[in-house]
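The model shown is predicted, which means the values in this text are computed figures rather than measured ones.
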Amino acid sequence: MAGPVSAKRGEEPECDASETWKPQRGEIAWLPDKNVFLERLKYDDTCLSADRILQLNAIKLLDQAREAFYHPVVIFETRQDELNSERIHVRFHPISSSGGKTLSDKFNPNSRLSPEDRENLIRRYVALALAPPHPITAKVLSFIGGKETEKGSYVDLFHDYECPAECLDEYFGGGTCLTADCANKLDQAYKDHSKRTSLASTQTH
């Protein structure tokens, strides 16, 4: 059995599909139904170890990301458990097809949003192949081997979550991974989004 792989933002993803799934940076995974998620998490509210903290992080999904369940996600960081080297923890962003709408349709100029708010909301998302180019950045992130998501989909940079890797599934058999260049572009988009969010927060206080 191959050992776990750890990768943080900015490191090269080395994705492959194999019999023993090793989630890796830049890979698309599947967040199952919340009941399956809880069963795999083996949530224990009496646990006081480091695992308890990780479980609490994962439980945030139940409160803050109900719509993310039964949808694909993109992994942006993996790391080994400090106490169990065979266990991997992953951090990820949700992915959404926005109900089949493009970002331009979802946040059209005729909405009640101000132009600034509309732009900020659109910049919160990153387009994945086969979605049309992002209406502001004109970018579309591509996958190794020319793979595509099942629908035109977008990464939601506003939300990021953490859970044990065993709570997730491979996406359509595995191996659907961003190219190294596009994984780095996703990282940069997240950094830019974080800066805008932080700046907006300071301006409102």
Which residue pairs pass the side chain to side chain donor-acceptor pair (under 3.5 Å) test with at least one member in residues 94-103, sequence neighbours excluded? Thr102-Asp105
Pairing residues for Asn108 by the side-chain hydrogen bond (donor to acceptor under 3.5 Å, both in side chains) criterion, not counting sequence neighbours: none
Working for side-chain contact (heavy atoms from CB on, under 4.5 Å), residues Trp30 and Glu170: CA-CA 6 Å; Trp30 184 261; Glu170 291 181 89; over 6 Å; no
Taking the side chain as every heavy atom from C-beta outward, state whether Asp33 and Phe69 have any atom pair closer than 4.5 Å. no
Are Leu168 and Cys163 close enough that some pair of their side-chain heavy atoms sits under 4.5 Å apart? yes
Please work out which of the three classes, parallel, tilted or perpendicular, describes the rings of Tyr161 and His159, given edges at 30° and 60°. parallel
If a pair satisfies salt bridge (charged side-chain N to carboxylate O under 4.0 Å, His left out) and one of its residues is in residues 121-135, list it, with sequence neighbours excluded. Glu119-Arg123, Arg124-Asp156
Does some side-chain heavy atom of Thr197 sit less than 4.5 Å from a side-chain heavy atom of Asn120? no
Audit row: Leu178, Leu186, side-chain contact (heavy atoms from CB on, under 4.5 Å) steps and yes/no: CA-CA 9 Å; Leu178 295 172; Leu186 179 62; 4.0 Å; yes
Passes salt bridge (Lys or Arg N to Asp or Glu O under 4.0 Å), Lys185 versus Asp181? Steps please. CA-CA 6 Å; Lys185 288 180 179 178; Asp181 179 59; 3.3 Å; yes
Nearest heavy atoms of Ser142 and Cys182, plus distance in Å: N-SG, 3.2 Å
For Val140 and Leu128 the tightest heavy-atom approach is CG1-C, 3.6 Å
With sequence neighbours excluded, what pairs up with Glu148 under the side-chain hydrogen bond (donor to acceptor under 3.5 Å, both in side chains) test? none
Would you indicate whether the side-chain heavy atoms of Leu157 and Val126 approach each other to under 4.5 Å? yes
Would you mind reporting whether His93 and Asp160 have side-chain heavy atoms less than 4.5 Å apart? yes
What's in the same ILVMFWY side-chain cluster as Tyr125, cut-off under 4.5 Å, chained through other members? Leu103, Phe107, Leu113, Leu121, Ile122, Ile136, Tyr154
Rounded at 0.5 Å granularity, tell me how far CD in Glu77 sits from CD in Glu162. 7.5 Å
Which residues pass the salt bridge (charged side-chain N to carboxylate O under 4.0 Å, His left out) test with Asp192, sequence neighbours left out? none
Between Phe143 and Ala129 the two heavy atoms that sit nearest each other are CE1-O, 3.7 Å
I'd like to know whether Ile28 forms a side-chain contact (heavy atoms from CB on, under 4.5 Å) with Ile95, so could you lay out the CA-CA distance, the side-chain angles of the two residues, the decisive distance to 0.1 Å, and finally the verdict. CA-CA 9 Å; Ile28 307 301; Ile95 294 175; 3.7 Å; yes
Check whether any side-chain heavy atom of Lys34 sits under 4.5 Å from a side-chain heavy atom of Glu39, and report yes or no. no
Are Arg40 and Pro32 close enough that some pair of their side-chain heavy atoms sits under 4.5 Å apart? yes
How many angstroms lie between atom OG of Ser194 and atom CZ of Phe158, to the nearest 0.5 angstrom? 10.5 Å
Between Lys22 and Glu27, does any side-chain N to carboxylate O distance fall below 4.0 Å? no
Students should find that the hydrophobic cluster of Val36, defined by side-chain heavy atoms under 4.5 Å apart, otherwise consists of none
Contact between Leu141 and Val74 at the side-chain level, heavy atoms closer than 4.5 Å - yes or no? no
For residues Pro23 and Val90, report the shortest heavy-atom separation together with the two atoms involved. CB-CG1, 4.0 Å
Can you name the closest pair of heavy atoms from Ile75 and Phe92 and give their distance? CA-CB, 4.0 Å
